[in-house]
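Everything below concerns the one structure shown next.
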Amino acid sequence: MGESQPASNQRPPVKDWLTIVQFDGRGGVRKLTEAEELEYTQQPKGFALVAGNSRAPEFKVWLKKELGDFNADLITVPSTRSRCTVFEDKALVVLRVARPGAEPEDVGRQLLSLWLEKGRVIIASELNIVEFLGISQWQQTHHAPLTPADLVARLALRAADRMEPLIERMGDSLDTIEEGLMLSRGSDSRSRLAHLRRTLISLRRLIWPQRDVLSTLEIEELPLLSNRDRVRLREAAGRTARLGDELQALSERAVLVHEQILDTRAEQMNQTMLVLAAVTVVLMPLTVISGILGMNVAGIPFADNPFAFWAVTAGLAVLGGALFFWMRSRKWL
């Protein structure tokens with residue numbers, strides 16, 4: 001009997017790097033078993049979703065076999081921005097999704113590369129697509145996507161669902177900064193606001209290209225797009241654009257808060273300078289008088305009088321008080 005191959009040389013289970021879901025085009029959906037995935041062929045009705053791990057070598061080999069080297073490299077190459085590229089009757093769509101549980105300042109974007117063609121959608125991503133789309137719920141409600149473009153629109157809407165709580169959290173942070181300013185408790189408001197503005201810029205770079213991708217796909221003359229598909233894509237683009245508008249509104253609010261912080265600091269500085277100027281006005285005549293009386297020359301009046309020091313001190317105090325109340329009457333203090 002021959003020896004069995006080492007575990008390291010055995011092919012990993014298909015479910016670790018490939019998932020195939022069949023949509024019947026009427027709202028029904030079914031996830032194929034591992035045995036069905038190994039023998040899968042495209043069905044005449046509906047369409048299939050083929051989701052693979054973009055880092056798995058087995059999936060890259062499968063892509064090259066199905067799509068060719070050039071198209072397989074397009075799907076798996078890392079991308080920093082969302083985009084839409086059309087190849088005759090096919091399209092490549094790249095979307096970026098916020099990582100689950102990420103904080104606004106550390107969005108942790110995950111890449112979704114989609115290859116659209118008649119009867120099939122191929123997705124290369126490290127994301128669990130079955131869980132992300134909620135396919136188990138579609139199986140119960142019988143409300144799954146009807147076409148590949150409908151699936152893209154659903155993906156974009158799910159990506160927007162992940163962005164909404166992050167935007168709300170940033171709005172709450174901005175409210176907290178404003179409240180601290182009104183209560184004069186904003187000692188660290190400037191640094192917090194600068195951090196928030198950087199985060200808003202980062203999220204806007206994620207949202208606006210996504211909107212353009214959906215709008216571009218909607219207007220392309222692809223034979224696999226129906227009028228209903230275009231409406232669904234327009235709806236997803238509108239939802240994404242609304243998120244972008246919310247980010248823009250938060251950015252404008254942040255600018256106003258920044259200006260308020262600068263005005264507050266300028267007012268505090270002006271108040272400090274006013275106090276220093278008032279002190280200078282009060283003390284300058286007293287300094288001049290005391291300087292004259294302190295000259296070490298002959299002829300200083302009452303130099304030999306033992307009560308002269310206290311008389312001069314009292315006179316200076318009266319003069320200083322008079323200058324102080326005069327400035328108060330002019331509302332300079």
Side-chain angles (χ1 to χ4, degrees), residues 13-54 59 62-68 71-72 74-75 84-95 97 112-125 127-159 161 213-214 216-237 239:
V14 175
K15 63 181 180 180
D16 288 347
W17 56 272
L18 185 67
T19 300
I20 301 178
V21 181
Q22 182 67 40
F23 297 82
D24 61 11
R26 299 187 300 273
V29 59
R30 184 175 69 88
K31 182 178 180 300
L32 303 187
T33 64
E34 184 175 339
E36 291 173 325
E37 289 174 346
L38 289 172
E39 301 176 357
Y40 171 76
T41 56
Q42 284 189 246
Q43 301 299 314
K45 294 182 179 181
F47 70 98
L49 166 63
V50 181
N53 188 336
S54 58
F59 181 61
W62 184 89
L63 283 175
K64 291 180 179 181
K65 178 181 177 182
E66 291 288 322
L67 305 178
N71 292 334
L74 284 179
I75 295 177
C84 176
T85 307
V86 176
F87 304 93
E88 297 180 354
D89 59 342
K90 303 176 180 62
L92 172 66
V93 176
V94 178
L95 302 176
V97 182
L112 286 176
S113 297
L114 298 91
W115 179 265
L116 304 180
E117 59 186 20
K118 185 176 179 60
R120 185 169 65 173
V121 178
I122 300 175
I123 299 181
S125 175
L127 193 65
N128 188 334
I129 300 299
V130 174
E131 180 181 347
F132 178 66
L133 287 173
I135 290 178
S136 59
Q137 297 178 358
W138 290 345
Q139 289 176 327
Q140 298 174 1
T141 61
H142 205 73
H143 190 58
L146 306 183
T147 61
D150 191 6
L151 178 64
V152 175
R154 300 279 186 100
L155 282 168
L157 291 173
R158 292 298 171 91
D161 289 339
V213 165
L214 297 172
T216 301
L217 183 61
E218 175 206 344
I219 63 177
E220 289 292 341
E221 295 296 331
L222 285 171
L224 57 88
L225 294 180
S226 64
N227 291 332
R228 181 183 182 278
D229 293 335
R230 298 184 191 279
V231 171
R232 292 288 291 165
L233 289 171
R234 192 178 306 123
E235 177 187 353
R239 171 80 178 283

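Worth saying up front: this structure is predicted, and the values here are computed from it rather than measured.
- When all heavy atoms of V97 and L112 are compared, the closest pair comes out as CG2-CD1, 3.4 Å.
- The shortest side-chain heavy-atom distance between V21 and W138 does not fall under the 4.5 Å cut-off.
- At a threshold of 4.5 Å between non-hydrogen side-chain atoms, the residues L114 and V121 count as touching.
- Considering only heavy atoms from C-beta on, R30 comes within 4.5 Å of L32 through its side chain.
- Residues K45 and Q22 come closest through the heavy atom pair O-NE2, 3.6 Å.
- Using a 4.5 Å cut-off on side-chain heavy atoms (C-beta onward), W62 and I122 make contact.
- Once rounded to the nearest 0.5 Å, the distance linking OG of S54 with CD1 of I123 reads 11.5 Å.
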List the steps and the verdict of salt bridge (charged side-chain N to carboxylate O under 4.0 Å, His left out) for D161 and R154. CA-CA 10 Å; D161 289 339; R154 300 279 186 100; over 6 Å; no
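- The side-chain heavy atoms of L233 and L225, taken from C-beta on, include a pair separated by under 4.5 Å.
- Side chains of W115 and L63 form no contact here, defined as non-hydrogen atoms less than 4.5 Å apart.
- The CG atom of D229 sits 10.0 Å away from atom CG of L222, with the distance rounded to the nearest 0.5 Å.
- The aromatic rings of W17 and F59 sit tilted relative to each other, their planes meeting at an angle between 30° and 60°.
- Although no hydrogens or angles enter the test, the distance criterion places no donor-acceptor pair under 3.5 Å between the side chain of R120 and the main chain of A48.
- At least one side-chain heavy atom of D150 sits under 4.5 Å from a side-chain heavy atom of R228.
- Atom CD of E220 has more than 12 heavy atoms from other residues, nucleotides or ligands within 6.0 Å.
- Residues S113 and V94 approach most closely at OG-CG2, 4.1 Å, considering heavy atoms.
- No side-chain heavy atom of N71 sits under 4.5 Å from any side-chain heavy atom of K90.
- Note: T19 OG1 to K31 NZ = 5.0 Å, rounded to the nearest 0.5 Å.
- Between V29 and A144, the closest heavy-atom pair is CB-CB, 3.9 Å.
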